[in-house]
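Inspection log for the structure reproduced underneath, given as structure tokens.
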Amino acid sequence: MKNNQALIPVYDMAACIPGTNFIIKKTEGNSVPSYMAIPHRHTDYKISFLQEGEVTHYTDFEKYTIKAPALLMLAPDQVHQQTGNSYYKMMHISFNKEFLLTETQGVLACWECMFSQVVLPVMNQEQVRELSVYLELMYQEFKDNKPQKGLILKNLLNAFIICAGRLVNCKNDTARNEVPNSVVNMDYSQNRIVRQFKSLIDENFVNSTQVTQYADMLYVTPGHLNDLIKTVTGKTAKQIIDERRILEAKRLLFWGEHSVKEIAGRLNFEDDAYFNRFFKKHTGNTPALFQKQIREKYN
């Protein structure tokens, strides 16, 4: 269901089926459903398994041409749309973080980092079968009204997430946005700090822009925090903070009718001149040029 009050259409799983925190469905055909063809975002995590065919997907201003078999990973609030008129067959699951077992969050090192991959190619038929088994079991369980349905779905989803985490290790070293370390093996305390750091950024990136501020929130030293973040993500803590600020700026430039000065103020930059320099340093373009190019690409 769409939230029409938002600048960017937001599909809220709980609004579609009150009280739920998990949905699974299938789509197939040569045309994209109208609600998926316009730029929108979700309040929850979404994983789509492209079983057959090919789709074109825009996710936060990047174009992906995806060929089966592959997983498409979407985190909450990512702006995306699907286009194309080629045949495709997909299964989609949507869930919120609370639906994941605590044990899974401990096993997967920064499991949310998987979603920065956007596309995870499925490399062989064994992986296809493994993922398909869990998806079909979830689909049948979701349709039926049996005792302990929620518990079974939760366990199946967590097993599926761990299987998906294995795919990160199979990626080529030159692959885009690669996470350099295994996401299925890491110290639990390290995993917890990484997850908390990313969550704190989402909540505070407008007013807290320095590594020292997040280190204080997490009760660790800035050096330790930076080393840990770089080990897991391949990027410094400051890069992660700056990327979140740039992402929000891009979203506002794309969808809203705000001036560059208004966006600079909204994101707590000293002035629009500093915002222009910051944006160009990280993207290679001025905000105005980015806005022109991205609107042409989406429209």
Side-chain angles (χ1 to χ4, degrees), residues 2 8-11 13 23-42 44-95 113-140 142 157 160-161 163-179 183 247 250-251 254-255 293-299:
K2 184 168 65 177
I8 301 174
V10 178
Y11 297 109
M13 177 175 61
I23 289 176
I24 183 168
K25 63 180 181 179
K26 298 179 179 181
T27 58
E28 182 178 5
N30 295 89
S31 60
V32 177
S34 58
Y35 71 92
M36 294 175 63
I38 62 171
H40 63 280
R41 48 187 170 185
H42 297 266
D44 304 287
Y45 291 90
K46 181 177 180 181
I47 303 177
S48 297
F49 182 32
L50 179 61
Q51 299 167 297
E52 298 178 24
E54 177 180 313
V55 297
T56 299
H57 212 274
Y58 293 90
T59 303
D60 273 334
F61 324 111
E62 293 292 337
K63 180 180 179 180
Y64 300 87
T65 299
I66 311 168
K67 296 182 179 181
L71 290 178
L72 174 64
M73 318 288 288
L74 294 170
D77 293 330
Q78 283 188 300
V79 181
H80 60 277
Q81 70 179 135
Q82 183 176 319
T83 63
N85 52 12
S86 301
Y87 172 78
Y88 69 93
K89 180 180 179 181
M90 303 180 77
M91 292 189 73
H92 314 269
I93 55 175
S94 299
F95 60 95
C113 296
M114 292 165 53
F115 287 83
S116 68
Q117 310 295 287
V118 181
V119 178
L120 293 178
V122 181
M123 308 302 291
N124 55 58
Q125 285 303 309
E126 181 181 350
Q127 293 171 346
V128 170
R129 286 193 296 270
E130 186 175 51
L131 294 170
S132 297
V133 165
Y134 286 115
L135 284 167
E136 285 297 334
L137 286 171
M138 284 188 280
Y139 186 74
Q140 291 302 319
F142 185 74
L157 173 64
F160 177 79
I161 291 285
C163 289
R166 294 171 178 167
L167 300 181
V168 177
N169 298 324
C170 298
K171 296 184 68 182
N172 188 292
D173 288 343
T174 60
R176 177 185 174 86
N177 290 329
E178 181 182 11
V179 174
V183 297
L247 176 58
K250 286 180 174 180
R251 287 170 173 169
F254 164 63
W255 195 262
Q293 292 176 340
I294 201 63
R295 289 185 175 181
E296 288 175 351
K297 181 165 75 171
Y298 268 80
N299 299 308

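Just so you know, these numbers use all the heavy atoms, side chains as well, and skip hydrogens, waters and symmetry mates.
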A164 versus L120, closest heavy-atom pair with distance: O-CD1, 3.9 Å
Note, R41 side chain near Q78 side chain (heavy atom, < 4.5 Å): no
From Q51 atom CD to T27 atom OG1, the distance as rounded to the nearest 0.5 Å: 9.0 Å
Expected output: side-chain D60 to main-chain V79 donor-acceptor under 3.5 Å: yes
4.5 Å side-chain heavy-atom contact, I294 and K250: no
Shortest non-hydrogen contact from I24 toward M91: CD1-CE, 3.9 Å
Side-chain heavy atoms of K25 within contact of M90, under 4.5 Å: no
Atom pair CZ/NZ of F49 and K89 - distance to nearest 0.5 Å: 10.0 Å
side-chain contact (heavy atoms from CB on, under 4.5 Å) evaluation trace for E28 with Y87: CA-CA 7 Å; E28 182 178 5; Y87 172 78; 2.4 Å; yes
I47 CD1 to L74 CG distance, which is reported to the nearest 0.5 Å: 9.5 Å
Nearest heavy-atom neighbours spanning M36 and V32: CB-CG1, 3.8 Å
Heavy-atom pair of closest approach, residues G53 and L50: O-CD2, 3.8 Å
Least distance between heavy atoms, Y88 atom then S31 atom: OH-O, 3.3 Å
Heavy atoms from other residues, nucleotides or ligands near CZ of F160 exceed 12 (cutoff 6.0 Å): yes
Exceeds 12 heavy-atom contacts within 6.0 angstrom, atom NZ of K26: yes
Atom pair CG (L71) and CD1 (I93), whose distance is rounded to the nearest 0.5 Å: 8.5 Å
Check: L167 and L131 side chains under 4.5 Å, non-hydrogen atoms: yes
Side chain to side chain, P76 and Y45, heavy atoms closer than 4.5 Å: yes
Worked verdict on H42 versus H80 for side-chain contact (heavy atoms from CB on, under 4.5 Å): CA-CA 9 Å; H42 297 266; H80 60 277; 3.0 Å; yes
Minimal non-hydrogen separation, S48 against H92, with atom names: OG-ND1, 2.6 Å
Nearest-0.5 Å distance, CZ of residue F142 to CG of residue L157: 12.0 Å
Nearest-0.5 Å distance, CG of residue D77 to CG of residue D44: 10.0 Å
Donor-acceptor pair, side chain of E54 and main chain of K67, under 3.5 angstrom: no
H40 and Y11 aromatic ring geometry - parallel, tilted or perpendicular at 30°/60° bounds: perpendicular
